[in-house]
*Asks:* 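Pasting a structure here, questions to come.
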2 protein chains.
Amino acid sequence: MISTLSTHKQVQIIKALAHPARLEIVQALVTREHSVSELQTIVGGDLSTVSKHLTQMRKAGWIDCKKHGQHVHYRLVCKCLPEFLECVENIGTNRSTCDC
Amino acid sequence: MISTLSTHKQVQIIKALAHPARLEIVQALVTREHSVSELQTIVGGDLSTVSKHLTQMRKAGWIDCKKHGQHVHYRLVCKCLPEFLECVENIGTNRSTCDC
DNA sequence: GCCAAGTTTGGCATTTTTGTCAAGTATTGG
DNA sequence: CCAATACTTGACAAAAATGCCAAACTTGGC
């Protein structure tokens, strides 16, 4: 299982989720798409900060967006996020011999 | 699928792999365990730097270690790493409609 | 066209992460 | 016990990430 991606690209993708606000955002997007201001109410902070988080995750490839009037709707691109997070869950709950 | 872990803990786990050297290290550990100096020959840089990367990943829960004479052998704790990386692979190869 | 709402971008100070050197701790072989 | 090998820890400078403000941009309604 050798990656076709450069290490740098893999790191970019992983790093895109390695932040509390960004993690909360993708978790919110599992359910359904959201506009930037909706996501702001979830994660708090400045709207411009939220926008930058979204840009970073979009460039990494986790999400994409579509204009919908004045709003921009962001949504998850890949359905594998839950499996990704399940692995994180296994690590965090100390299942050393997990058979995930 | 609501996490039992705090966001902070999840981020700590993800962040532990969000670095080129650390990613190369865990990928090397998929095959078999390695000592710190073996890992140094793979990722380069100072031995103390490698040691610190290992400490960070151990605290996150990805790896553990055992003393073996003068050497310290590090190994992966969880077998789910390949699935984790496969998700990264899917994102990076732009399979927007991936069914992973 | 003009204004307001929603979003993005630029600039910059603050914080966090990183990497190296030096010093410290263990363990083994002689 | 001594010295060498393997690793860890502390301190600190350099680099990267973060967050906020202000300004710019875009779209829809009047």
Side-chain angles (χ1 to χ4, degrees), chain A residues 6-29 32-77, chain B residues 6-29 32-77:
Chain A
S6 67
T7 301
H8 179 275
K9 179 66 185 171
Q10 293 178 82
V11 167
Q12 184 197 15
I13 293 168
I14 297 171
K15 210 176 264 187
L17 296 195
H19 185 283
R22 294 197 294 270
L23 197 54
E24 285 183 20
I25 287 171
V26 288
Q27 282 169 340
L29 293 178
R32 61 172 179 85
E33 38 180 82
H34 287 280
S35 69
V36 183
S37 31
E38 281 174 340
L39 292 167
Q40 183 191 20
T41 67
I42 296 174
V43 302
D46 200 272
L47 188 62
S48 70
T49 300
V50 176
S51 177
K52 282 178 182 173
H53 284 316
L54 291 166
T55 300
Q56 180 177 356
M57 291 191 284
R58 188 168 47 72
K59 285 185 178 165
W62 285 105
I63 60 180
D64 67 1
C65 61
K66 225 179 347 186
K67 287 210 124 175
H68 215 265
Q70 301 154 304
H71 298 250
V72 178
H73 283 190
Y74 279 86
R75 59 162 195 185
L76 268 187
V77 161
Chain B
S6 68
T7 300
H8 179 277
K9 179 66 186 170
Q10 293 178 84
V11 167
Q12 184 198 15
I13 293 168
I14 297 171
K15 210 177 265 188
L17 296 195
H19 185 284
R22 295 197 293 269
L23 196 53
E24 286 182 20
I25 287 171
V26 287
Q27 282 168 341
L29 294 179
R32 61 173 179 84
E33 39 181 80
H34 286 281
S35 69
V36 183
S37 31
E38 282 174 338
L39 292 167
Q40 183 192 19
T41 66
I42 296 174
V43 302
D46 202 273
L47 187 64
S48 71
T49 301
V50 176
S51 176
K52 282 177 184 173
H53 284 316
L54 290 166
T55 299
Q56 182 177 355
M57 291 191 284
R58 187 169 49 73
K59 284 185 179 166
W62 285 105
I63 59 181
D64 67 1
C65 61
K66 225 178 346 186
K67 289 208 124 177
H68 215 264
Q70 299 155 304
H71 297 251
V72 179
H73 284 190
Y74 279 88
R75 58 162 197 187
L76 269 186
V77 161

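All of these numbers come straight from a predicted model, not from anything done at the bench. By convention in this document, chain letters (A, B, ...) are assigned in the order of the sequence lines, proteins followed by strands, and residues within each chain are numbered from 1. We use all heavy atoms of the structure for the numbers below, so side chains are in, but hydrogens, waters and symmetry mates are not.
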*Asks:* In whole Å, I'd like the distance from the CG atom of B:L47 to the C1' atom of C:dG24.
*Replies:* 14 Å
*Asks:* Determine, stepwise, if the pair B:H71 / B:E38 fulfils side chain to side chain contact (heavy atoms under 4.5 Å, CB included).
*Replies:* CA-CA 10 Å; B:H71 297 251; B:E38 282 174 338; over 6 Å; no
*Asks:* Nearest-Å distance, CD (B:Q70) to P (D:dC2)?
*Replies:* 18 Å
*Asks:* OP1 or OP2 of C:dG6 versus the side-chain N and O atoms of A:Y74: is any pair under 4.0 Å?
*Replies:* no
*Asks:* If you restrict it to nitrogen or oxygen atoms, what contacts under 3.5 Å exist between nucleotides 20-23 of chain C and the protein, and what is each distance?
*Replies:*
unit_1, atom_1, unit_2, atom_2, d
C:dT20, OP2, B:D46, N, 3.3
C:dT20, O4, B:K52, NZ, 2.7
C:dC21, N4, B:S48, OG, 3.0

*Asks:* Would you find a donor on one side and an acceptor on the other, under 3.5 Å apart, between the side chain of A:W62 and the backbone of A:L76?
*Replies:* no
*Asks:* Should B:I25 and B:I42 be marked as a side chain to side chain contact (heavy atoms under 4.5 Å, CB included) after you check the CA-CA gap, both sets of side-chain angles, and the distance that decides it?
*Replies:* CA-CA 8 Å; B:I25 287 171; B:I42 296 174; over 6 Å; no
*Asks:* It should be established whether B:H71 places a side-chain nitrogen or oxygen under 4.0 Å from OP1 or OP2 of nucleotide C:dA26.
*Replies:* no
*Asks:* Can you measure B:K67 atom NZ to C:dT28 atom P for me and round it to whole angstrom units?
*Replies:* 8 Å
*Asks:* Take atom CG of A:L23 and atom C1' of D:dT18, then tell me their distance rounded to the nearest Å.
*Replies:* 16 Å
*Asks:* For D:dG19 and A:H53 - does any side-chain N or O of the residue sit under 4.0 Å from the phosphate oxygens OP1/OP2?
*Replies:* yes
*Asks:* Measure from CZ on A:R22 to C1' on C:dT16 and round the result to the nearest Å.
*Replies:* 13 Å
*Asks:* Looking only at atom types and distance, does a side-chain atom of A:R22 sit under 3.5 Å from a main-chain N or O of A:A16, one as donor and one as acceptor?
*Replies:* yes
*Asks:* Please report the distance, rounded to the nearest Å, between CD1 in B:I63 and P in D:dC7.
*Replies:* 13 Å
*Asks:* Specify the separation, in whole Å, of atom NZ of B:K15 and atom C1' of C:dT16.
*Replies:* 8 Å
*Asks:* Any side-chain N or O of A:H73 under 4.0 Å from OP1/OP2 of C:dG6?
*Replies:* no
*Asks:* Atom CD of A:Q56 to atom P of C:dT7: distance rounded to whole Å?
*Replies:* 19 Å
*Asks:* So, the side chain of A:S51 versus the backbone of A:L47: is there a donor-acceptor pair under 3.5 Å, distance only?
*Replies:* no
*Asks:* For the pair A:Q40 (side chain) and A:D46 (backbone), establish whether a donor and an acceptor sit closer than 3.5 Å, ignoring hydrogens and angles.
*Replies:* no
*Asks:* Taking B:E33 as the fixed residue, which of B:H68, B:R75, B:H73 is the one that meets the side chain to side chain donor-acceptor pair (under 3.5 Å) rule?
*Replies:* B:H73
